[in-house]
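Written out below as structure tokens is the structure these notes cover.
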There are 2 protein chains.
Amino acid sequence: MTDAAAAHARPTLADVAARAGVSASTASLAFSGSGPVSEATRERVFAAAKALDYAGPDPRAQSLRRGRSGIVGVVLEERVRAAFLDPVKIQVLDGISEGIVPLGAGLLLLTDTGEGAVSVANAPVDAVALIGCSPRLAHTVAQLRLRGIPMVAIEGHAGDDIIEISIDNEDATRRGAEHLRELGHSRVALVTLPLDPERTRGPLTPEREDESTSATTSERIAGARIVFPGIGGVTAGASDVEEGRLAGLALLADPETRPTAVIAQSDLLAAGVIRAAEELGLAVPADVSVLGFDGVRVDGLAPYDLTTLVQPSAAKGRAAGEALVQMLAGEHPEGTCFSSVFHRGNTTAPPAR
Amino acid sequence: MTDAAAAHARPTLADVAARAGVSASTASLAFSGSGPVSEATRERVFAAAKALDYAGPDPRAQSLRRGRSGIVGVVLEERVRAAFLDPVKIQVLDGISEGIVPLGAGLLLLTDTGEGAVSVANAPVDAVALIGCSPRLAHTVAQLRLRGIPMVAIEGHAGDDIIEISIDNEDATRRGAEHLRELGHSRVALVTLPLDPERTRGPLTPEREDESTSATTSERIAGARIVFPGIGGVTAGASDVEEGRLAGLALLADPETRPTAVIAQSDLLAAGVIRAAEELGLAVPADVSVLGFDGVRVDGLAPYDLTTLVQPSAAKGRAAGEALVQMLAGEHPEGTCFSSVFHRGNTTAPPAR
DNA sequence: CGAACAAATCGAATCGATTCGATACTATGG
DNA sequence: CCATAGTATCGAATCGATTCGATTTGTTCG
């Protein structure tokens, strides 16, 4: 009977142990390798496992007993599709997966929309990385805190007690702006990342800046203002080439108001601005200089080599992953603020005339 | 002591039940909502939970007891970064996440490299979608089969008993090729997706085609051969614009051997071919026609409107997700082969002269 | 030859919930 | 007033493994 049942249902460690003529505890030791088990016994256990088609210890039972699931959650503020349109996010994600290698953990994608049975509130995760920062993050964070799940926030302030991994948005932009000023530019415009959760497209106004929910966007604007106090511009509806192109057309179409340089808050936006300039018959950088941010290789932008601020996206992710590893080990790592590196490409030059 | 311990350690359902003056079973019923519990009791349980900072039932214990983890695994053949460079894969992933909504499950990213503690061999997943097909997939599949985990394969043959979700690669390419023939083209070349796991770049040779490990690539080549039996070309090292550009330069540089039309096996490759043509001073489609595949919006390709075969990527993912849902419900869904739709853009035209 | 020690193995408790069958209790109808 | 039905609650078994302390077995040394 036991045998028949075992043949039908999936075998358990106990079944394997019984067939090998050892106790369940010994079989467990044989599988985990953490304990003194004689070579002969180990082999007998493995043989029994093979005979019974036993696939190894059930991960669910393991995670209950060990109190670890071996899974790290990544909370995205949007749906999957939107998140992976952004190369910086992908690099961050890749960095995280690299940072948690010591854990040997998998990456569980979660959104903070809260729908679905497995939400951030009840996912079997050991730790969580929050990417970006949406307004409803607060609730998410409260849930995780109750559960005692370690968290890090990447580019966003999730709470005073939560470690942040960020970059020098303000200072990096300031350095980029200074480069433009040194070249002789004074009529400069911004193409910013979205300011609000609705991603409203349109001209940059003081009111809209005040209501910003994106720290990244605001910090980068502030950095530009240090050099060009009165700088204005437009906000894009997303960080992609097409949005950059639209913004570029808006800024560059009118020869009367046309700036001699554009500070784009991402490389994708910068690429779009370049396309817009081309469409309008303007040469880059002769007629208009374009500065980017991120340092991602924009697919298909060759032969342009974008002047930009190279941020260590993958390193950010890695740092986040490593911080989580440390927290799981009981340590209390500190947040990190990375520095971006200025890269002088061929898309900036002194203004014409 | 119990109270002190409970205050220190995380509270369990039993602690909550004790404080509410009910049994653990009743408290469980109150939380799950599946069973007759009086309103008064429910409230008392929730109050106790709040007082103890209880965050709800432990998902690890739940998944052991219920035999379900609420997680669907997605097996990628490469590292995260590489996978998400491909817009088609992103759409598929997004489709999967949509398809499994009834499950309310999360998506766990796994790679079949087998490294790390949580590999496909021991991840707490209820079902798995295999995206793309790498040679070492066989081992992965064997593991999952032992565990009795339902699987679907997207664009790839993983085993005779495994459901496949695919598209009409051969026929779709044939239709695209026919369009070119009808326009009058006869000197046509291919830019193919990678053929082997090493993603070797280079001219297409019979030997290399024979050793192909990518069904998708081979099927699309076969479709082109139906119309242009002797068609040759080059293989790209990946599906991106830069690889397409390199391939395009290789094909178009020499005026002697230059084809009048190029069949690219992805839109990104097609975009790269267009860039190469521009660099060489060739007009598209006047001097060279370019056909794509996928129907993804290539960011920044405007004002070109690529002639291509629009495949339903998101639908593929959704179908895969839905098939998994059905399998988990004990049903036996069948595989699906979707059809691609020809889209006539402005990158194809009759050959010059 | 017996004591002391190490290595291998085993038993039993445990992780935190779910769920089925049993029980206690309340309302209804005869 | 008792039988019957029905509802709310409880006890105990269970999911499948891990782990600690205890026990057995075999070796070495005085």
Side-chain angles (χ1 to χ4, degrees), chain A residues 2 5-6 9-45 48-49 52 54-70 117 121-124 126 146-148, chain B residues 2 5-6 9-45 48-49 52 54-70 117-118 121-124 126 146-149:
Chain A
T2 305
R10 218 147 290 289
T12 71
L13 184 58
D15 298 327
V16 173
R19 192 175 218 272
V22 300
S23 74
S25 26
T26 302
S28 173
L29 260 12
F31 271 103
S32 70
S34 63
V37 177
S38 74
E39 191 53 37
T41 305
R42 184 192 314 282
E43 275 172 22
R44 221 143 24 89
V45 171
L52 293 176
Y54 179 68
D58 185 319
R60 290 179 292 251
Q62 282 185 317
S63 77
L64 172 59
R65 182 63 241 241
R66 302 218 238 241
R68 288 275 174 94
S69 65
N122 66 348
D126 295 338
L146 261 192
R147 287 210 120 80
Chain B
T2 306
R10 218 146 291 288
T12 71
L13 184 58
D15 297 328
V16 173
R19 192 173 216 273
V22 299
S23 73
S25 25
T26 301
S28 173
L29 260 12
F31 271 103
S32 69
S34 63
V37 177
S38 74
E39 192 51 39
T41 306
R42 185 193 313 283
E43 274 171 22
R44 218 141 30 84
V45 171
L52 292 177
Y54 179 67
D58 185 320
R60 290 178 293 250
Q62 282 184 316
S63 78
L64 172 58
R65 183 64 242 239
R66 301 218 238 241
R68 287 276 173 92
S69 65
V118 170
N122 66 347
D126 295 338
L146 261 192
R147 288 209 119 82
I149 294 177

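Computed over heavy atoms, backbone and side chain alike; hydrogens, waters and symmetry mates excluded. Chain letters run A, B, ... following the sequence lines, proteins first and then strands; every chain starts at 1.
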Whole angstrom is fine here: how far is it from [atom1] in [X] over to [atom2] in [N]?
{"X": "A:Arg44", "N": "C:dA8", "atom1": "CZ", "atom2": "P", "value": "14 Å"}
{"X": "A:Leu13", "N": "C:dG11", "atom1": "CG", "atom2": "P", "value": "14 Å"}
{"X": "B:Arg60", "N": "C:dT14", "atom1": "CZ", "atom2": "P", "value": "19 Å"}
{"X": "B:Arg147", "N": "D:dG16", "atom1": "CZ", "atom2": "P", "value": "12 Å"}
{"X": "B:Glu39", "N": "D:dT9", "atom1": "CD", "atom2": "C1'", "value": "16 Å"}
{"X": "B:Asp15", "N": "C:dC15", "atom1": "CG", "atom2": "P", "value": "10 Å"}
{"X": "A:Arg66", "N": "D:dC15", "atom1": "CZ", "atom2": "P", "value": "20 Å"}
{"X": "A:Arg10", "N": "D:dT14", "atom1": "CZ", "atom2": "P", "value": "21 Å"}

Full working for side chain to side chain contact (heavy atoms under 4.5 Å, CB included) between B:Phe31 and B:Val45: CA-CA 8 Å; B:Phe31 271 103; B:Val45 171; 3.8 Å; yes
Under 4.0 Å: is that the gap between some side-chain N or O of [X] and OP1 or OP2 of [N]?
{"X": "B:Ser23", "N": "D:dC10", "value": "yes"}
{"X": "A:Ser28", "N": "D:dT18", "value": "yes"}
{"X": "B:Gln62", "N": "C:dG16", "value": "no"}
{"X": "A:Ser38", "N": "C:dA7", "value": "no"}
{"X": "B:Ser25", "N": "C:dC20", "value": "no"}
{"X": "A:Ser32", "N": "D:dT18", "value": "no"}
{"X": "B:Tyr54", "N": "C:dG16", "value": "no"}

Give me the atom names and distance for the closest heavy-atom approach of [X] to [Y].
{"X": "B:Pro57", "Y": "B:Gln62", "answer": "CB-NE2, 3.5 Å"}
{"X": "B:Val37", "Y": "B:Arg42", "answer": "O-NH2, 3.6 Å"}
{"X": "A:Arg19", "Y": "A:Ala48", "answer": "CB-CB, 4.0 Å"}

Of the listed nucleotides ([options]), which one gets closest to any side-chain atom of [X]?
{"X": "A:Arg65", "options": "D:dC15, C:dA13, C:dA17", "answer": "C:dA13"}
{"X": "A:Leu29", "options": "D:dA17, C:dT9, D:dC10", "answer": "C:dT9"}
{"X": "A:Val37", "options": "C:dT9, D:dA17, D:dC10", "answer": "C:dT9"}

For A:Pro36, which contact category applies under a 4.0 Å heavy-atom criterion: base, sugar-phosphate, or nothing? base
Could you check whether A:Thr41 gets within reach of a base, just the sugar-phosphate, or nothing at all, counting any heavy atom under 4.0 Å? sugar-phosphate
Closest-nucleotide 5' rank along DNA chain D - winner of B:Ala27 and B:Leu64: B:Ala27
Is there a side-chain contact between A:Pro59 and B:Arg147 (heavy atoms, below 4.5 Å)? yes
Which residue lies more 5' along DNA chain C, comparing B:Thr26 with B:Ala61 via nearest heavy atoms: B:Ala61
Residues B:Thr12, B:Asp58; criterion side chain to side chain contact (heavy atoms under 4.5 Å, CB included); working and verdict: CA-CA 8 Å; B:Thr12 71; B:Asp58 185 320; over 6 Å; no
